[in-house]
Number of protein chains: 2
Amino acid sequence: MEYGHSNLRSDVAARLRACRITPTAQRMQVGEVLFAARQHLTAEEVLRRLRTKGSRVSKATVYNTLNLFAERGLLKSLQVDAQRSAFDSNTEPHHHFQVEGSGELIDVDPGEVEFAKLPEGPPGTEVLGVEVVIRVRRLPS
Amino acid sequence: MEYGHSNLRSDVAARLRACRITPTAQRMQVGEVLFAARQHLTAEEVLRRLRTKGSRVSKATVYNTLNLFAERGLLKSLQVDAQRSAFDSNTEPHHHFQVEGSGELIDVDPGEVEFAKLPEGPPGTEVLGVEVVIRVRRLPS
DNA sequence: TTCCTTGCAAAACTTTTGCATTAAA
DNA sequence: TTTAATGCAAAAGTTTTGCAAGGAA
């Protein structure tokens, strides 16, 4: 799931094509930012990083691209707080620690969480997945 | 945790006072809407219900009041999706089903979920709580 | 009086959309 | 050439804020 530096570009192109997404310059740029590592980035942060790298991509395109990637399963969208969503480049099922205050998200390996009991969905529904958020507080150092 | 009809008003006043919140007319109205039952309401929905009942409370006051209640532990705030948060009148630790598409939240009794394994927080943090969201899909009827 | 609360409108933010331009197939 | 993607600016939606007016202590 991680990518070395030298082949990131071609891997991004391959991933996009595998999802029937035309690998345009802007989409490649967004992909290169997000797929470089497992991370949680807001749209604003993606835009900031692209601009820092000299890209002239527009805000609308960043949003369109992130939403498209999420729709096609290349990213997962997460709610950080009331006014920010983040996009998670780790699309494998997993859980999160969420730090009180900052809202920072830290991955929890799915193997770290096991259920002894879990309900079925309400009548007329089927369960799609389970996500655990472990709220933590930074201890004063 | 539930309130009969006849004593809801005085119970709301008592709950507010117990949290050192001055029970003004507007805060009582918001409390009467939310504390009437266990439910998840957006700020907009609270405002709509108040207006339907003839209240002239302003949008700013609804937001201020909901945030104040949440700060003092009378409500829990939840993220429905990227652009809506809801306020949960059930402040006991519990979990949720979330219906795909609508985002509707349905309570899961904490007794329905048991962990066989759960990690400690990352170094330098302590765990405050664990929240489970079980995503479900409505089956075509 | 003094402090707190409210209402209104405007501001601040995040996210989406309409439409003309440009690039891809 | 035909369709799809982009950029810009504006719109839309949610939440917050500044400040004058009103109410509680």
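Heavy-atom basis, side chains included; hydrogens, waters and symmetry copies ignored. Throughout, a chain's letter reflects where its sequence line sits, starting with A, and its residues are numbered from 1.
Considering only the side chain of A/Val57, D/dG7 comes nearest among D/dG7, C/dT6, D/dT6. Here the side chain of A/Asn67 is nearest to one of C/dT16, C/dT5, C/dG7, namely C/dT16. With D/dG7, C/dT6, C/dT15 as the candidates, the nucleotide lying closest to the side chain of A/Ala60 is D/dG7. Taking the side chain of B/Thr22 as heavy atoms from C-beta on, and the options C/dT5, C/dA9, D/dT14, the nearest nucleotide is C/dT5.
A/Thr61 has no side-chain polar atom (N or O) that falls below the 4.0 Å cut-off from OP1 or OP2 of D/dA5. Distances shown here put every side-chain N or O of B/Thr42 at or beyond 4.0 Å from the OP1 or OP2 atom of D/dT14. In this model, the phosphate group of C/dT14 is not approached by any side-chain N or O of A/Ser85 to a distance below 4.0 Å at OP1 or OP2. In terms of phosphate contacts, B/Ser58 brings no side-chain nitrogen or oxygen within less than 4.0 Å of OP1 or OP2 of C/dC8. At C/dG7, one or more side-chain N or O atoms of B/Gln26 fall inside 4.0 Å of OP1 or OP2 (strictly under the cut-off).
Atom CZ of A/Arg72 sits about 12.5 Å away from atom CG of A/Leu75, to the nearest 0.5 Å.
Under the 3.5 Å distance criterion, with hydrogens and angles disregarded, a donor-acceptor pair is assigned to the side chains of A/Asp107 and A/His40. Under the 3.5 Å distance criterion, with hydrogens and angles disregarded, no donor-acceptor pair is assigned to the side chains of B/Ser89 and B/Gln39. If you check the side chains of B/Gln26 and B/Thr61, you find no donor sitting under 3.5 Å from an acceptor.
In this structure, the CG atom of B/Leu16 is 15 Å from the P atom of D/dA24, given to the nearest Å. What separates CZ of B/Arg56 from P of C/dG7 is a distance of 11 Å, to the nearest Å. Nucleotide C/dT15 holds its P atom 8 Å from the CD atom of A/Glu44, rounded to whole Å. Between the P atom of D/dA5 and the CD atom of A/Gln29 lies a distance of 16 Å, rounded to the nearest Å. The distance between atom CZ of A/Phe69 and atom P of D/dA5, rounded to the nearest whole Å, is 11 Å. Taking atom CE on A/Met28 and atom P on D/dT6, their separation rounds to 12 Å, with Å as the unit. Between A/Tyr63 atom OH and D/dA9 atom P there is a gap of 17 Å when expressed in whole angstrom units. Whole-Å rounding puts the B/Gln79 CD to C/dT14 C1' distance at 13 Å.
Sequence order on DNA chain D of the closest nucleotides to A/Asn64 and B/Arg84 puts A/Asn64 first from the 5' end.
Note: A/Phe115 and B/Phe115 meet the aromatic proximity criterion, with ring centroids under 6.0 Å apart.
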